[in-house]
Amino acid sequence: QVQLVESGGGLVQTGGSLRLSCAASGSIFSINAMGWYRQAPGKQRELVARISSGGSTNYADSVKGRFTISRSNAKNTVYLQMTSLKPADTAVYYCNTAPLRSSYWGQGTQVTVSS
């Protein structure tokens, strides 16, 4: 069974930074692309960043230049470094494979950006 646990969220001011972590119970990063997703109330779920098994990265236009996704296969952990945060970034952030698998869905971590 694969279990994903997100952490690192919190309350920051506009322009601040946060680093999110996603720890996996199984070794999945070597064979799966991983992504960070976010969902805000009243909005659809959005894939904001993706990293392939080979290390290639992709970002949504809304976060490009501000967010950086990385991984550590040895630690079974994927990270999302977020800088220059805006109120529009406020959401619950989740990690999952990309494309996602419903059985891997975790609890997420709340990111709130105040103006």
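Along the sequence shown, residues are numbered consecutively beginning with 1.
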Is there a side-chain contact between [X] and [Y] (heavy atoms, below 4.5 Å)?
{"X": "V92", "Y": "Q39", "value": "no"}
{"X": "V48", "Y": "Y59", "value": "no"}
{"X": "L85", "Y": "L18", "value": "yes"}
{"X": "M82", "Y": "V111", "value": "yes"}

Tell me the closest heavy-atom pair linking [X] and [Y], and the distance in Å.
{"X": "S115", "Y": "T14", "result": "CA-OG1, 3.5 Å"}
{"X": "P99", "Y": "Y37", "result": "C-OH, 4.0 Å"}
{"X": "A33", "Y": "R50", "result": "CB-NH2, 3.5 Å"}
{"X": "G35", "Y": "L47", "result": "CA-CD1, 4.0 Å"}
{"X": "R66", "Y": "S84", "result": "NH1-O, 3.0 Å"}
{"X": "G55", "Y": "R71", "result": "N-NH2, 3.7 Å"}

Should [X] and [Y] be regarded as members of a common hydrophobic cluster, given that ILVMFWY residues are connected when their side-chain heavy atoms come within less than 4.5 Å of each other, either directly or indirectly?
{"X": "F67", "Y": "I69", "answer": "yes"}
{"X": "V113", "Y": "L20", "answer": "yes"}
{"X": "L80", "Y": "V12", "answer": "yes"}
{"X": "V2", "Y": "I51", "answer": "yes"}

Original post:
Is a side-chain N or O of E6 found less than 3.5 angstrom from the main chain of C95, in a donor-acceptor match?
Top reply: yes
Original post:
Do the side chain of T77 and the main chain of K75 share a donor and acceptor less than 3.5 angstrom apart?
Top reply: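 Yes; at least one donor-acceptor contact below 3.5 Å.
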What distance separates [X] [atom1] from [Y] [atom2], expressed to the nearest 0.5 Å?
{"X": "T68", "Y": "R19", "atom1": "OG1", "atom2": "CZ", "value": "10.5 Å"}
{"X": "D89", "Y": "T112", "atom1": "CG", "atom2": "OG1", "value": "11.0 Å"}
{"X": "Y104", "Y": "S25", "atom1": "OH", "atom2": "OG", "value": "9.0 Å"}
{"X": "Q81", "Y": "S70", "atom1": "CD", "atom2": "OG", "value": "8.0 Å"}

Original post:
Under 3.5 Å, is there a donor-acceptor pair linking the side chains of R101 and N32?
Top reply: yes
Original post:
Distance only, no hydrogens: is a donor on one side chain within 3.5 Å (strictly under) of an acceptor on the other, for Y93 and R38?
Top reply: yes
Original post:
Looking at residues at least two apart in the chain, or sitting in another chain, which of them share a salt bridge (Lys or Arg N to Asp or Glu O under 4.0 Å) with K64?
Top reply: D61
**OP:** With sequence neighbours excluded, tell me which residues meet ring-ring contact (aromatic ring centres under 6.0 Å, His included) with Y94.
**Re:**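 Residues passing ring-ring contact (aromatic ring centres under 6.0 Å, His included) with Y94: W105.
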